[in-house]
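Each chain gets a letter, A, B and so on, in the order its sequence line appears, and its residues count up from 1. Basis for what follows: all heavy atoms, side chains included, without hydrogens, waters or symmetry-related copies. Computed from a prediction, not measured in an experiment: that's the story for all the values here.
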Amino acid sequence: MSEKKKSFPFDEFESKWQELWAAEKTFRTAGPGEDGFDGSKPKYYILDMFPYPSGAGLHVGHPEGYTATDIMGRYKRMKGFNVLHPMGWDAFGLPAEQYAIKTGQHPRVTTEANVDNFRRQLQALGFAYDWDREVNTTDPGYVKWTQWIFIQLYNSYFCEEEGKAKPVSVLEEKGWSREEIDEVRLAFIHEAPVNWSPSMGTVLANEEVEEWKAKGETVERRPLRQWMLRITKYAQRLIDELEPLDWPESIKMLQRNWIGRSEGAEVEFAVAGCEDVIRVFTTRPDTLFGATYMVLAPEHPLVDEVVTDEQREAVVAYKEACATKSDLERGDLNKDKSGVATGAFAVNPVSGEEVPIWIADYVMMGYGTGAIMAVPAHDERDFEFAKKFELPILQVVDPGGDEEWQGFTGEGVAVNSGFLDGLETGGAKAKMIDWLEKEGKGTRQVNYKLRDWLFSRQRYWGEPFPILWNKETGEHAALPEEELPLLQPEMEDFKPTGDPRGPLLKATEWINYSGEFERETNTMPQWAGSCWYYLRYCDPKNAERFIGEEVESYWKNVDLYVGGTEHAVLHLLYARFWHKVLNDLGHLSTKEPFEKLVNQGLILGEDGQKMSKSLGNVVNPDDVVSEYGADSLRLYEMFMGPLEQVKPWSMKGVEGVHRFLAKVWRVKEKVSGEVSSDELAKVTHQTIKRVQESIESLRFNTAISAMMECSNAYNAADAVPRDLFVIFLQLLNPFAPHLSEEVHALLGGEGLLSEMNWPLVNEELLVESEIQIIVQVNGKLRARIMVAAEASKEEVEELALADENVVSFTEGKTVRKVIVVPGKLVNVVAN
RNA sequence: GCCUCUGUGGCGGAAUUGGUAGACGCUGUGGAUUUAAAAUCCAUUGUCCCUAGGACGUGCGGGUUCGAGUCCCGCCGGAGGUACCA
């Protein structure tokens, strides 16, 4: 331990203030129906992406976003808002379960210990959370409502006419059968090839596959019966209703790309010599004349029907080869085209030509219809395939100019296309679709890349589905709401069974609900809890509803949401979907959960690399706190640069802000009640203005610069008026709450800074009697002159032209023009 | 390949949105204090010519303008996302 003397005793006072805030519940937020609630105040709901409490504890990325929201929350509170700024735990998840498999320790025990550690670490940073609102996704009181929401999804369908979800009871009244209703539920059972991970013993959502593969897990396609959520019904609304949100354009873009809307047509190709019809989706119906062959995905159901006897053997062999290929082999690693002819032919509906039908793995069963019309002249993939297998290539688009038409995928003028010849691509598309619709050979069609959400997992540590199965009929039904929450049975062996029904299969007593019914053994994915936690914070203890109606109508949705980009398409899309369903069903008053979204940038290691154990560049917040204090950590994380930006860590930088705080600490020695200083008053009030503007626009780095300048002015002065310094401490309080409170208390200040009103700017103090004017000659700075603030344009011009340096630069030249920007500058144009 | 973001001193970054480029902080250099160090304080720190002062300077090349880091056109580099999506 170094003998380094601490420049101020943060180790003594930081914990003191934290204890006081906790004991007095300084940051408790009263909501509707609670003591002390003042409904006349405007609300401001600030949300952090709640952490998964891992065993590793906080890393420096957490306090970045959390400090930003903390500053905003404290500021808004001082500005007279009812601020909701809560924290909680996304506590279901695989690591705890895997730890349990290894050690036999129950995931609940591990999770609790991790949560306690996270809470301790966050509290040591002095965040102004209302800890009475803490939520934990694994609490029975929380699980109950996650399951309740699932039942709402289960009991709803998407009404196409109104474009919204409605209860299935509407359909029952219309006389729909049970089977028909099961077909349209928003939560439904579906048997389809899914992403099954043998190494983890669970299935995964499409969205998760890459992430886990990157971590070394194996994932393969396998047909299984799974719970799905019909998010695809909301594809269009998820695009449209994204538009007005105050989100980073990049995130909106990611969501739009993920949903992947494309417009085109569905076209029917008759199979020659039989009744079968192959439907294809195309975004380029204008190129239909150029469709010289077709390709079916190897898994396409028509393959076995159309294949000729001569080709059967080759087709079967190819299908088998594809089935055993991993996604990686089929995708990234193998861009080489492969395929086999089926021997069958289809009829191009517009040209009447017979075209061969092939199967190839470059066509995916999961998108569109699983079949394509191949236009090798104007599609790169088809072009490559046609060259390899020597299939005909027919030009149908003229790119114009000298451009090569082979493989040209852009827009141009239709050629060799009968009635489309001479039309531009746009017009040709429209005309072809009209023709197809008139002839009954196709329709206008919009396609989305978005798939329905695979919602079941074969895990122990997740919410069990509140679903019962009839042992006789195999029909499913929702568990009665009174029986929620349905918790997992106590178990000691969490190992995957290899059975795709998951580890709960072993809890035979638990499964057996009654003579007639047994329980569903799947559990929900971790996303379930995080889909609606922001709602629960508003009313965390409500046992009657997931959120009280009065409470919901006050807090509504989140005003500011801060978190990392990694959730751009997962959590942020899922939560929007659930919110919309709950809104459709009348449980929520808003359409979107998060009005404004800000992504904090990644903090890199001191070496500019991403922090990682293997590189040894990880910074532990606990170490920074013990050496420099929580205020220094908070301040440094905000001073590093713009919140959204990726930026490297620097211990020297931490020392820099620590020095600033030490200077503030020393200012108190020269505070005096007697002195008055116009100069310092002006600086202080300028600082109020600058800090305020910076916070409002989330530019915390410049707010800190402004405060540094102000404190430099105090340090240069012989004495600092007490009232001004208190204002300064108020400005500093959201950033460095401990030190500011401590200094304020040492100066004998009454009450808490955090509970004072934000200081008002005295604009009169900011008015200058004399202002500096920049004088340029031909756009180059030549002089600075002081003029009276109320000086006229003419006076300013005259003074500028009289300046010595201006005279020397205009000598021998003719002044052509003088531009005067009042209060700013004069530019003399001379040549 | 496509999409989004981004490019300013030795470093992190400012710049009132078209008007003093480099605020604030870090680093470096010189000095004060000290037996010495730490801490603290003062000066200096874009490059070049160096004397007041001047020339150059915001990835590169053009353009618009009295005036461009900021707007327009064309390149180049970096980061992230995504990709047989028909």
Side-chain angles (χ1 to χ4, degrees), chain A residues 2-7 210 248-254 256-258 260-262 264 280-284 287 291 295 297 330-332 334-337 360-364 366-375 379-382 384-385 409 447-450 565-566 568-569 601-602 608 635-636 639-642 644-657 659-660 662-663 666 690 693 699 701-709 711-712 715 772-784 805 808-809 816-821 823-830:
Chain A
S2 71
E3 285 304 302
K4 200 166 92 182
K5 204 182 120 210
K6 297 211 157 64
S7 23
E210 286 311 317
E249 190 48 42
S250 57
I251 300 292
K252 288 189 180 182
M253 213 55 188
L254 287 174
R256 276 188 227 114
N257 288 345
W258 190 265
R261 181 183 205 271
S262 53
V280 301
F281 173 73
T282 177
T283 55
R284 292 296 299 269
T287 63
V295 185
R330 214 173 138 163
D332 291 355
N334 187 13
K335 296 272 179 185
D336 253 7
K337 295 285 176 292
D361 65 359
Y362 82 94
V363 174
M364 309 289 142
Y367 181 75
T369 62
I372 62 156
M373 63 179 216
V375 184
D379 181 283
E380 272 177 48
R381 298 149 297 171
D382 299 344
E384 214 182 296
F385 192 82
T409 58
N447 246 329
Y448 300 92
K449 277 195 270 185
L450 186 69
T565 351
E566 66 273 18
V569 283
L602 198 65
L635 212 57
Y636 173 64
F639 188 61
M640 291 174 86
E644 308 83 352
Q645 202 164 296
V646 178
K647 43 213 178 273
W649 186 267
S650 157
M651 272 310 173
K652 288 286 182 189
V654 182
E655 281 172 31
V657 294
R659 262 198 289 273
F660 159 67
K663 282 186 205 171
R666 289 194 303 266
R690 289 172 68 186
E693 285 168 0
R699 293 184 340 234
N701 53 333
T702 55
I704 296 167
S705 302
M707 289 187 286
M708 284 174 166
E709 284 180 60
S711 103
N712 288 344
N715 271 293
Q772 184 185 253
I773 298 286
I774 298 310
V775 186
Q776 300 177 326
V777 176
N778 293 330
K780 286 199 161 62
L781 175 68
R782 296 304 176 193
R784 295 161 224 252
N805 211 28
S808 77
F809 272 94
R816 302 285 173 193
K817 201 169 168 188
V818 180
I819 287 129
V820 181
V821 182
K824 278 215 173 108
L825 64 69
V826 176
N827 190 10
V828 181
V829 186

### Message
Using a 4.0 Å heavy-atom cut-off to protein, can you give one letter per nucleotide of nucleotides 20-26 of chain B, 5' to 3': B if the base is in contact, S if only the sugar-phosphate is, - if neither?
### Response
B--BBSS
Pairwise N/O distances under 3.5 Å, protein to nucleotides 1-8 of chain B:
none

### Task
Would you mind classifying the nucleic acid contact of Arg816(A) as base, sugar-phosphate or nothing, using non-hydrogen atoms under 4.0 angstrom?
nothing
### Query
Under 4.0 Å between a side-chain N/O of Lys824(A) and OP1 or OP2 of rG19(B), yes or no?
no
### Spacing of the P atoms in rG25(B) and rG80(B) (rounded, Å)
32 Å
### Task
Check every atom of rG54(B), rG13(B), rC85(B) against the side chain of Pro642(A) and return the nucleotide holding the closest atom.
rG13(B)
### Message
So, using salt bridge (charged side-chain N to carboxylate O under 4.0 Å, His left out) as the criterion, who are the partners of Arg782(A) when residues are at least two apart?
### Response
none
### Summary
Side-chain contact check for Thr283(A): nearest option of rG54(B), rA86(B), rC84(B) is rA86(B)
### Message
Once side-chain hydrogen bond (donor to acceptor under 3.5 Å, both in side chains) is applied, do any residues pair with Lys647(A), and if so which ones, sequence neighbours excluded?
### Response
Glu64(A)
### Message
Run the side-chain hydrogen bond (donor to acceptor under 3.5 Å, both in side chains) test against Gln772(A) and tell me which residues pass, sequence neighbours left out.
### Response
none
## Note on the structure
Readout for nucleotides 43-51 of chain B: B = base within 4.0 Å of protein heavy atom, S = sugar-phosphate only, - = neither; 5' to 3' it is ---------
## Note on the structure
Interatomic distance, OH@Tyr367(A) vs CG@Leu450(A), rounded to 0.5 Å, equals 11.5 Å
### Query
Honestly, is Lys337(A) close enough over Tyr362(A), meaning NZ or CZ under 6.0 Å from the six-membered ring centre and within 45° of the axis?
yes
### Query
Of the non-hydrogen atoms in Thr409(A) and Glu380(A), which two are nearest, and what is the gap between them?
CG2-N, 3.9 Å
### Message
Can a donor-acceptor pair be found, under 3.5 Å and without considering hydrogens, that links the side chain of Tyr636(A) to the backbone of Gly656(A)?
### Response
no
#### Entry: Integer-rounded Å distance: rG81(B) C1' and Leu254(A) CG
5 Å
### Query
Given rC66(B), rG12(B), rC56(B), which nucleotide is nearest the side-chain atoms of Asn827(A)?
rC66(B)
### Query
Going from CG on Asn257(A) to CE on Met253(A), what distance comes out if it is rounded to the nearest 0.5 angstrom?
5.5 Å
### Query
Are any of Asn805(A)'s side-chain N or O atoms less than 4.0 Å away from OP1 or OP2 of rA52(B)?
no
### Distance between C1' atoms of rU27(B) and rG12(B) (Å, rounded)
11 Å
### Query
Expressed in whole Å, how much space separates the C1' atoms belonging to rC3(B) and rG9(B)?
33 Å
